[in-house]
Amino acid sequence: MLTSFNLTQLILISALYLFALFGVAWLSERGMIPRRIIYHPLTYTLSLGVYASAWAFYGTVGMAYQYGFGFLASYLGVSGAYLLAPVLLYPILRITRTYQLSSLADLFAFRFRSTWAGTLTTLFMLIGMLPLLALQMQAIADSISILTRETVHERVALSYCALIILFTILFGSRHVATREKHEGLVFAIAFESVVKLLALGGIGLYAFYQVFGGAQGLEDWLLSNQQVLSSLHTPLQEGPWRTLLLVFFAAAIVMPHMYHMAFTENLNPRALVSASWGLPLYLLLISLAVPLILWAGLKLGSNTPPDYFTLGVGISLNNPTLALLAYVGGLSASSGVIIVTTLALSGMALNHLVLPLYQPPAEGNIYRWLKWTRRALIIAIIAAGYGFYLLLGSEQDLANLGIVAFVATLQFLPGALSVLYWQTANRRGFIAGVLTGIGVWLVSMLLPLLGNIQGIYLPVFDIVYVLDDTSWHLAAIASLAANVLVFTLVSLFTETSPEEQSAAEACAVDNVRRPQRRELQASSPQEFAAQLAKPLGAKIAQREVEQALRDLHLPFDENRPYALRRLRDRLEANLSGLMGPNVAQDIVETFLPYKSGSEGYVTEDIHFIESRLEDYHSRLTGLAAELDALRRYHRQTLQELPMGVCSLAKDQEILMWNRAMEELTGIPAQRLVGSRLATIAEPWRGLLEGFINLPDEHLHKQRLALDGQIRWLNLHKAAIDEPLAPGNTGLVLLVEDVTETQMLEDKLIHSERLASIGRLAAGVAHEIGNPITGIACLAQNLREEREGDEEIAEISAQIIQQTKRVSRIVQSLMSFAHAGGRQQSDEPVCLAEVTREAISLLSLNRQGVEVQFLNLCDPEHWVEGDPQRLAQVLINLLSNARDASPPGGIIRVRSEASEQTVDLIVEDEGSGIPKAIMDRLFEPFFTTKDPGKGTGLGLALVYSIVEEHYGQITIDSPADPEQQRGTRIRVTLPRYVDTTSAVTRDRRES
C-alpha cells in the first residue's frame with residue numbers, strides 16, 4: 001500500500017504548480033516567448049483543451065464504469081461541434097470580434113436587444129455552473145483526502161479556493177476589460193492542456209505495460225473477464241448515449257469556459273480552422289487512456305471509487321510518482337476550468353448584473369472601478385462555488401455533478417442557434433423558452449441534487465420520476481423540449497421589434513448588411529469625445545475615441561459622414577467589450593444620437609455593403625457567387641468607364657467616384673466617398689452643385705479654369721431610386737472631358753482663318769504690286785530728270801529703297817501664305833537670311849511686346865532644307881520668345897557650326913518655363929496662354945518641321961541659372977555642303 005502523502009506537501013505542490021502556470025503566462029505576456037509560438041494554431045487548439053476539466057480527467061472513468069463506451073459521447077459531442085466550425089463556430093467568432101461580445105450573455109443581449117436577455121442568461125449561467133465549480137473543488141479535496149488518508153475536505157477546499165482566487169485575479173483581471181486579449185492566459189491554458197495529456201497518457205501507458213504487460217496481457221485478461229467487455233457494451237445499447245452526444249455538443253458552444261477560450265480569447269481567427277480537427281484529435285488522445293485506466297483499476301482491485309481510478313492505479317501499485325502525476329494532472333484540469341469559467345462569469349455579471357444597476361461616476365477612473373469590481377465578482381463567484389460544495393456535502397459522484405451542469409447550459413443551445421439561423425426569433429420567445437427550460441431543470445435535476453429527493457410524482461404522466469443514473473436523460477430531454485416549444489410558439493405569435501430585426505440581420509450567417517445611413521448630430525471626432533465625456537469623463541472619452549480611430553485607421557480630423565458612422569459603430573463595439581452591449585448601446589444612443597429629422601430619410605449604406613461583399617467574395621457559392629460576379633463586372637464597367645461618374649444619395653452624400661473622376665479632378669475616391677458634395681474643393685463643388693440645381697439634364701461645353709488651364713466639360717445627370725430604399729431618389733452625374741475636341745475645333749477654325757488671311761494676303765500683295773512698281777518708276781524718272789539736284793536725288797533714292805522694302809515684305813507674305821500648300825523642297829538655306837526675313841515679318845506686328853531682335857547668325861552657316869518651312873520655325877520660336885520677354889528685352893538669334901551640323905540658337909530674357917510643363921511643350925493643343933491668344937499648335941508644328949529636316953530641338957530653361965530667367969532653344973540641322981563648288985575647284989587645280 002502507498003505511503004500517504006503529507007497535507008503540507010500536497011498544498012505546497014499545488015501552490016508551486018499554480019505559480020509555474022502563472023510564470024508561463026507572465027513570460028508570454030512579457031514577450032520572452034516568441035509570438036509565432038503564442039499565435040500558432042496549435043497553441044489555440046491546446047487552449048481549447050480547457051474543456052477537459054477534473055470531470056473529464058477523473059469523472060470520465062466513472063462514466064465509462066456506468067455507461068460503458070457511452071463515455072465517448074463527452075468527446076464525440078464536442079468533436080462534432082468543431083467539425084461543423086465553418087457553419088457554426090466561425091459565424092459566432094465573426095460576430096463576437098465585430099461587435100466585441102465577450103460572453104454568451106453579451107451575444108444574446110446584442111441579438112435580442114434586451115437587457116433581460118443578458119441578465120437572465122447571466123443568472124441562470126451562474127446557477128447552472130455552480131455544480132461544475134463545486135465538482136472541481138470536490139475533485140481536488142477528494143484527491144488530497146485519498147492521498148493523505150485524512151478527511152480534510154472543507155479545509156483543503158477552502159485553501160484551494162484561496163489559491164485559485166489569487167491566481168484568477170493575476171491571470172485575468174490585471175487588464176482593464178474583457179475586450180483585451182490575454183495572451184498569457186491562452187498560453188498558460190495550452191500549457192496545462194499538455195500537462196493533462198501527458199499525465200493521463202502516462203498513466204494509461206503505465207497501466208498498459210506494467211499492469212497488463214502489453215497488448216497480449218491485456219487481451220488475455222479481457223478474455224478471462226468477459227463481463228468487463230459486456231459491461232462496456234450493454235449500457236451503450238440501452239443507455240442515454242444519444243442524449244449525452246447532444247449535451248456535450250451544446251457544451252462546445254455555450255459553456256462559459258469554452259465560449260471564452262474559443263471566441264473571446266481567440267488571437268487568430270484562422271486558427272479556428274486548425275482547431276476544427278485539432279481539438280477532436282486532442283480529445284481522442286485523452287480518451288484512449290480511459291478504458292486502460294478503468295480496466296487497470298478493476299484488475300488491481302483499487303479501493304478508490306471508479307471516479308478516482310486515475311489516482312487508484314498509482315496507489316494500488318505503491319508508486320508515489322504515478323499517484324503524484326495523477327494528482328498534478330487533476331489539479332491542472334481543475335484549476336484551468338475554474339480560472340477560465342470564473343473570468344467568463346465575472347465579465348457576464350459585471351456587464352449584466354452590476355452595470356445595469358449602477359454605473360460609475362464620470363469624475364472617477366472608470367477603468368480602475370471596472371477592474372476592482374471584476375475582482376470582487378471573481379471572489380464572490382468562487383465563494384459561491386465553495387458554498388455550493390459545502391451544501392452538497394462532498395457526497396456526490398463527479399459524473400452526476402457534471403451532468404447537472406451540462407444539462408443546465410444545454411438550455412442556451414436553442415438561443416445560440418437562433419442567433420445564426422432564425423432571424424424571426426425574438427426576445428419574448430427566447431426569455432420564455434429559457435425560463436421554461438431552466439424551470440424544468442431546477443425541479444427535475446437541481447432540487448433533487450440539493451435535497452437528496454428520492455423521487456417526484458408526475459400527475460400528468462402518473463409516474464414517479466427518480467433522479468438516478470438511468471433517468472437523468474429524461475429530465476434533459478424534457479427541459480430542452482419544453483424550452484424549444486415555448487421559444488418557437490412565443491416567437492411565432494409575437495412581433496419582432498425593428499431593433500431586433502436589425503440585430504438579427506447583423507448576426508445572420510449570410511449577413512452583408514449594416515445599420516442604416518442617417519445623419520449624426522456630432523460632426524467630428526472632437527465632438528464625439530466631448531459628448532462621451534459626460535458619462536465617461538474627459539480622459540476616458542478621449543482615449544476611447546482615439547482607440548476607435550486607430551482601429552479604423554482614420555485621422556483625428558475626419559469629418560466624412562460615412563466615416564463618422566463607422567466611428568460611432570466602432571465606439572459602441574469597443575464600449576460593449578468594456579461595459580457590455582446594453583450599457584454601450586444606451587451610452588451611444590443617448591450621447592451620440594442621430595439627428596431627429598433624419599428618420600424621414602433612412603437608406604442602406606451602399607459603400608459598406610460593397611465592402612462587406614468584397615470580404616465575403618471567397619465564401620460565396622452557387623447563385624450568390626454568380627450574382628456577385630455580375631455585380632463586380634458592372635462595378636468594374638463603371639470604374640473603367642472613360643467618363644467621370646459620381647453617384648449621390650438624396651442628401652448629397654457621395655456614394656461612388658470612379659477612376660475617370662479621380663483623374664479629372666485629382667481627388668482620390670478613398671478620401672471622398674462617404675463625404676458630402678459640399679466638402680469637395682473648388683472649382684468642382686461650384687460646378688457640380690450649380691448643375692444639380694439647374695432643371696436641365698444636360699449642359700454642353702462648360703468652361704472650367706483648372707490649374708491655369710481651361711477645361712471644357714459636358715455634364716449629364718439622371719435621377720435614380722436607391723434599390724434598398726424605394727422613394728429615396730439619388731442622382732448620377734456624368735462628367736465628360738471634351739477639352740481636346742474643343743481645341744481641335746478651335747484649331748480648325750484658326751487654320752481656316754489663317755488660310756483665308758493667306759488668300760487675302762496673296763490678293764492684296766498682287767494688287768499692291770502694280771502701284772508699288774509705278775511709284776518706283778516715278779521715283780527713278782524724277783531722279784533722272786533732276787539729276788543735278790542732290791536733294792531730289794536723295795529723296796528719290798529713299799523712295800526707291802522703301803518701295804523695294806515694301807516689295808520684299810509683300811513677297812515674304814505671299815511666300816509664307818503659299819508655304820503650306822507646297823511640297824517641301826531641299827535647297828541651300830542661309831540661316832542669317834531666313835532669320836532676317838522672320839524678324840522682318842514679326843516687326844510688322846505692333847501688338848506684341850516691344851523687344852529688340854539681334855540677328856547674330858553667321859552668313860557662312862548654311863543648311864539644307866525648305867526656306868519657307870524653316871522661316872515658319874523661326875517665326876514661331878521668335879513669337880514665343882517675344883511673348884515671354886519683358887518690355888525692352890533682347891532676343892538673340894545666333895548660329896554655331898560643327899563639321900556636319902549647324903545649331904540655330906534662340907535665346908530670350910523672359911521668366912523661363914516651369915519644369916512641371918517642360919515635358920508637355922510639344923504636345924498638340926497644349927498652351928499656357930489665355931484663350932484666344934494661342935492654340936497650342938506652334939511648338940508642335942516646330943517639332944514636326946525640325947523632325948522632317950532630320951534635326952533635333954532641345955530646350956534649356958532657365959538659360960541663366962544664377963538669375964533663374966531666360967529660355968534657350970537649340971535647333972540642330974544638317975549642314976549644307978557645296979559639293980559642286982568642290983568638284984569645280986578640284987578640276988581647276990588639276
Side-chain angles (χ1 to χ4, degrees), residues 87 91-92 94-101 104-121 352 412 414-434 484 486-520 565-566 568-570 572-573 576 580-590 592-596 598-613 615-616 624 649 721-728:
V87 296
I92 296 178
R94 175 188 61 80
I95 297 169
T96 56
R97 290 179 71 89
T98 301
Y99 301 105
Q100 297 285 329
L101 308 176
L104 194 66
D106 285 357
L107 180 65
F108 290 150
F110 175 82
R111 162 61 180 86
F112 297 108
R113 289 301 187 189
S114 169
T115 302
W116 278 107
T119 301
L120 291 177
T121 300
H352 301 281
F412 300 103
L417 295 178
S418 71
V419 167
L420 302 178
Y421 295 105
W422 191 15
Q423 293 191 29
T424 56
N426 58 36
R427 64 172 72 100
R428 296 181 181 89
F430 170 75
I431 293 172
V434 169
V484 172
V486 173
F487 186 8
T488 304
L489 291 176
V490 174
S491 293
L492 290 177
F493 291 100
T494 56
E495 293 185 358
T496 302
S497 67
E499 294 81 7
E500 286 181 275
Q501 185 63 35
S502 176
E505 292 169 355
C507 293
V509 173
D510 57 351
N511 164 55
V512 293
R513 303 185 69 189
R514 61 140 281 113
Q516 295 162 335
R517 181 166 56 81
R518 295 165 58 187
E519 191 173 359
L520 289 165
R565 291 195 300 272
R566 298 296 82 72
R568 182 184 188 269
D569 294 342
R570 187 66 189 184
E572 182 175 347
S576 176
N582 292 325
V583 175
Q585 183 184 4
D586 290 342
I587 290 176
V588 169
E589 289 184 352
T590 302
L592 297 175
Y594 293 104
K595 287 187 177 179
S596 57
S598 63
E599 286 83 356
Y601 172 63
V602 178
T603 66
E604 294 294 335
D605 199 319
I606 302 297
H607 182 70
F608 184 87
I609 293 173
E610 289 212 322
S611 65
R612 293 297 301 274
L613 282 172
D615 295 339
Y616 273 81
D721 280 342
E722 297 195 16
L724 299 178
N728 285 317

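What you are looking at is a predicted structure, and each value in this text was computed from that prediction instead of being measured. Only this structure's heavy atoms are used, side chains among them; waters, hydrogens and symmetry mates stay out.
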> Of all residues at least two apart in sequence or in a different chain, which pass the side-chain contact (heavy atoms from CB on, under 4.5 Å) check with T496?
Replying inline: N426, E500, Q501

>> Using the side-chain contact (heavy atoms from CB on, under 4.5 Å) criterion, which residues pair with V484? Sequence neighbours excluded.
In response: P414, L480, T488

Ignoring hydrogens, what is the shortest heavy-atom contact between [X] and [Y]? Give both atom names and the distance.
{"X": "S418", "Y": "A425", "answer": "CB-CB, 4.1 Å"}
{"X": "D106", "Y": "P581", "answer": "OD1-CD, 3.2 Å"}
{"X": "E572", "Y": "R113", "answer": "OE2-NH1, 3.8 Å"}
{"X": "A573", "Y": "T98", "answer": "CB-O, 3.6 Å"}
{"X": "P91", "Y": "L420", "answer": "CB-CD2, 3.7 Å"}
{"X": "Q423", "Y": "E505", "answer": "OE1-CG, 3.7 Å"}

> Using the ring of each side chain (for Trp, its six-membered ring), is F487 parallel, tilted or perpendicular to W422, with breaks at 30° and 60°?
Replying inline: tilted

Donor-acceptor contact below 3.5 Å, side chain [X] vs main chain [Y]:
{"X": "R568", "Y": "L592", "value": "yes"}
{"X": "S502", "Y": "P498", "value": "no"}
{"X": "T96", "Y": "L101", "value": "no"}

> Step by step, would you call T121 with F430 a side chain to side chain contact (heavy atoms under 4.5 Å, CB included)?
Replying inline: CA-CA 10 Å; T121 300; F430 170 75; 3.7 Å; yes

>> Can you tell me how far apart CD1 (I587) and OG1 (T590) are? Round to the nearest 0.5 Å.
In response: 8.0 Å

> Between Y99 and R111, is there a cation-pi geometry (under 6.0 Å to ring centre, at most 45° from the normal)?
Replying inline: no

